[in-house]
Each structure stands twice: as C-alpha cells, then as structure tokens.
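Chain letters run A, B, ... following the sequence lines, proteins first and then strands; every chain starts at 1.
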Amino acid sequence: MPLLEVKSLECRRDDRLLFEDLCFSLSDGEVLQIEGANGSGKTSLLRILCGLRQAESGDVCWQGQRLQEAREDYYARMVYIGHLPCIKGDLSVAENIRALLDTRSQAVSVDVIEQSLARVGLNGFDDVPGKALSSGQRRRILLAFILLAKAKLWILDEPLTALDVSGVALVEAMILQHRATGGSVIFTTHHGMALDGGMRSVALGGASAHKQTSQTRSTTELC
Amino acid sequence: MLTAFYHLLLRDLRLALRSPHELANPLIFFVLVVSLFPLAVSPTPDALRQMAPGVIWVSALLSVLLSLDRLFKQDYEDGSLDQLMLSPNPLMILVLAKVFAHWLLTGLPLVLIAPLLGLFMSVPNHALPALIFSLLLGTPVLSLIGAIGVSLTVAVNRGGVLLSLIVLPLYIPILIFGANAVDVAMDGMRVSGQLLFLGAVLALALSLAPLATAVALRITAAR
C-alpha cells in the first residue's frame, strides 16, 4: 500500500483551473519533487496534501484511508513547512522550537534542542530572540523543527528559500538521511537540488489551456 | 490533549507578557472611556449612578472588541496558525486555549478594575458584587463569540468593520443582561435571574463557540 495516494485531484483558484485529474502515489523511502512554473499550483497542491485546502474533486489517501478520516494519525506522522516562517519574534529560538513541537504534543529536552540547532548550524543560538534572526536563520530553525518532529512524511514548500550554499547542502543531506531511514519527502523548489540516487517528479502544467495536455501526460506517466 | 492546551495557553501568556504595552491597551481604553463620561455628561452622583451600568458595560464590550484582532492575527500572519491546524490534537481544544489566554489577558483585568470604576461612577457598594459577577460571567462570552468573528475575518485586510458587524449583534444580549444586572442590584433587588442567564450563555458559548471557531479557521485556511 502506498504511503500517500492522490486520486484524480482537481484544483481551481478563482475559477482558474490549476490542475485536474492529477494522480500519483508516494511509497516509503521515496522523494518526490513537484515541478511547475510560478502560479502553476504547487503550493495549492501541497496545502491540499496537508488537508489545509479542499480540492474541488478527487481524494488524498493516507495509507489507504481518506485524509478526512485519518486526520489524527496523519498529522502525528506528517510535518509541513510552508512559505511563512512560523517564528515568534518575542520568543527565543529554543522556545520557538518548543512551541512548534508542543502543537504536535512532542516533549523534548534542552540537550536535544541544542543538538538539532548545532546540526542546522545555529550552535549556541538557543537563547537568541526570534526577531534578532535573519530570514535564512529562521528557515534553519524550521529545519531543526523538522529534524525533531520525527515524522514519516515531510512536505516542504520551497525549503531552500533564503538559504545559503551550506544551507542547501544541509537540506539535501537531511532529505537523503530521511530517505535512508525509510521516510518520504514531497517538496517544491525552484533551485536545483541534486540528490544521489535520483528522485521522481510530478510536473504541474501552467494555467493556460494548451499546457493542460503536457500536464496530463506527465501525470498519467506516473499513475 | 490537555498538555497541548496547557502549552499553548502558556505560550500565548508568555508572548503577551513580553509586549506589555499591547497588554495594557484594552485596560487603558476601558479606564479612559469610563472616566471621560463624568467630564462630558455630568459629575453629579445621581446622574452618574443612573448611567453607570450602561457606561461600564459598553466600555468593557468595546474594549474586548478592540482587542479581538490580537487573537489570531499574528498566528495567521507568521504561519503558526497552519501549524496549529496540522496538530494531531483537536483544533477546538487549541482554540479554547487561545481564547482562554485572551480572556485572562483582556477580560480578567477589566473585571478586576471594574469595582474601582464603579465607585468612581458612584455605584453603591451593595451593587458592586453584581457588577463584578456580571462581568466575570459576561466577558468570557465576549471572547468566545469574538473568536468566531475573528476566525472568519482574519484573512480579510482591515476586517475590523466586518468583525464588528458579525460580532456586535451576538453581543447585544450579553450587554442587556449584564447592564441590567447592575441596574437591578442598585435598586436593591435580587440579580440571580440575570446572572443565571449570563451563566447559561457562558455554558452554551463554552461548548459551541470553540467548535464554530475551529470550523471557521479551516474555512479561512482553505481559501
């Protein structure tokens, strides 16, 4: 049984068709990149996969169960990072990470937070308030959160935004390590990401009608 | 589930205490409005006593209304709201934690300062308990109902007018019974009827409003 299965999904935004009849599936230990131009619906697709957004038609299934019915189990084992930083300026780095983990009902010790911060290159930043961080450093906090969330599935919307070269390498290493331990990743990016062992991709067509065919073709290949 | 409630409550209280000027805003508004009436209308004790219940209650209501924006706005703008919705815990429990924090930070200070303003408006001593208890039962309802309105308008730019239009009609019964309780107490009559009504509305709001707010938040996020 695939971990996550997408069945003939259709998404519209303000009457504009973003994609229709989209289907693909994701198994354990697979990495999937969602490709597409700006405005092709990548973020909308990821938000549908999270259950934050409703598709016009079609289903998303988590381990064979529809998302709406498996919400609790799905959210305990999935972690999503969107465009927004989720960082509170008035909380320290450690408190920010703790607040994010608290919503997942995960308790962690101070040592574990320090370790994960060291891993993402923010060693010794745990007492620094969030407002004193650069946008790249904020993204790195989210990376530390992903590492600590112990999720099976990572859904990452533009994880490379604002990251420097070492940050990009870090994300690649994290994804590879996650895959090696049987985890799965779905992500979007406009930067080149080179993963050893390759990855699959799903291409979303543009909003215009003539691109629909290319989009349908690429998705049927995956079905 | 209870730990998630507790941690979110703690996070919101901590955040608020780190920007105390925002915390003081509703309280200062409340005190200012009430203290302007004697200057503008009449400083004679009889006139003040007559309008005291209405003035205090209207000021408290507007003060809560003005502070409602804070309930979800920041979380919506920095993406934390998405993470709350992706929590394996029921969203209504998390909503309840946020509303409870909001009441502790705005409603409760109003209740505590109200007796002082009551004396200021020459409310007789024997009517002060009615003032305190009516506000104690009424202000949580204002926060709970307000949360529904905020969750519907949080994505709207400058949704303040819209919020008032949605929320004010639902506030009217609380205002009427709250002010009437003080009025009746000043005449030396029993106020149990009014307080029981406010208590019943609080029980109703406590059980239904978090659910409605959770649904409204999901609708807002799905846009």
Colleague: Does a salt bridge link B:Arg14 with A:Glu95, judged by any charged N lying under 4.0 Å from a carboxylate O?
Modeller: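 A:Glu95 and B:Arg14: salt-bridged.
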Colleague: Between A:Glu30 and A:Arg179, is there a side-chain N and carboxylate O pair less than 4.0 Å apart?
Modeller: no
Colleague: In terms of heavy-atom pairs under 4.5 Å with chain A, which of B:Ser19, B:Ala4, B:Pro88 leads?
Modeller: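 Most heavy-atom pairs within the cutoff with chain A belong to B:Pro88.
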Colleague: Going by side-chain hydrogen bond (donor to acceptor under 3.5 Å, both in side chains), A:Asp59 matches just one of A:Arg66, A:Lys7, A:Gln68. Which one?
Modeller: A:Arg66
Colleague: Can you say whether B:Leu8 sits under 4.5 Å from chain A via the side chain, the backbone, both, or neither, judging by heavy atoms?
Modeller: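 Interface part for B:Leu8: neither.
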Colleague: Are the side chains of A:Asp127 and A:Val93 in touch, meaning some heavy atoms are under 4.5 Å apart?
Modeller: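 Side-chain contact under 4.5 Å: no.
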Colleague: For A:Ile48, is it the side chain, the backbone, both, or neither that has a heavy atom closer than 4.5 Å to a heavy atom of chain B?
Modeller: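 It is neither, since no heavy atom gets under 4.5 Å.
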Colleague: How many angstroms lie between OG1 in B:Thr139 and NE2 in B:His102, if you round to the nearest 0.5 Å?
Modeller: 10.5 Å
Colleague: Might you confirm whether atom CD of A:Gln63 has over 12 heavy atoms from other residues, nucleotides or ligands at distances under 6.0 Å?
Modeller: yes
Colleague: Measuring from B:Met92:CE to B:Thr213:OG1, what's the distance to the nearest 0.5 Å?
Modeller: 9.0 Å
Colleague: Counting only non-hydrogen atoms closer than 4.5 Å, does A:Leu100 touch chain B with its backbone (N, CA, C, O), its side chain (CB onward), both, or neither?
Modeller: side chain
Colleague: Can you name the residues of residues 56-83 of chain B that have some heavy atom under 4.5 Å away from a heavy atom in chain A?
Modeller: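 Answer by number: B:Gln74, B:Asp75, B:Tyr76, B:Glu77, B:Asp78, B:Gly79, B:Ser80, B:Asp82, B:Gln83.
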Colleague: Counting only non-hydrogen atoms closer than 4.5 Å, does A:Arg13 touch chain B with its backbone (N, CA, C, O), its side chain (CB onward), both, or neither?
Modeller: side chain
Colleague: Take a 6.0 Å sphere around CG of B:Leu2 and say whether it holds more than 12 heavy atoms from other residues, nucleotides or ligands.
Modeller: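 Atom CG in B:Leu2 is not packed in, count stays at 12 or less.
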Colleague: Just so I understand: if I count every heavy-atom pair under 4.5 Å between each of A:Arg47, A:Arg104, A:Glu72, A:Arg98 and chain B, which residue has the most?
Modeller: A:Arg47
Colleague: Between A:Glu10 and A:Arg12, is there a salt bridge with N-O shorter than 4.0 Å?
Modeller: yes
Colleague: Look at A:Arg53, A:Lys88, A:Gln54 and state which one has the largest set of heavy-atom pairs under 4.5 Å with chain B.
Modeller: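 Among the listed options, the one with the most contacts to chain B is A:Lys88.
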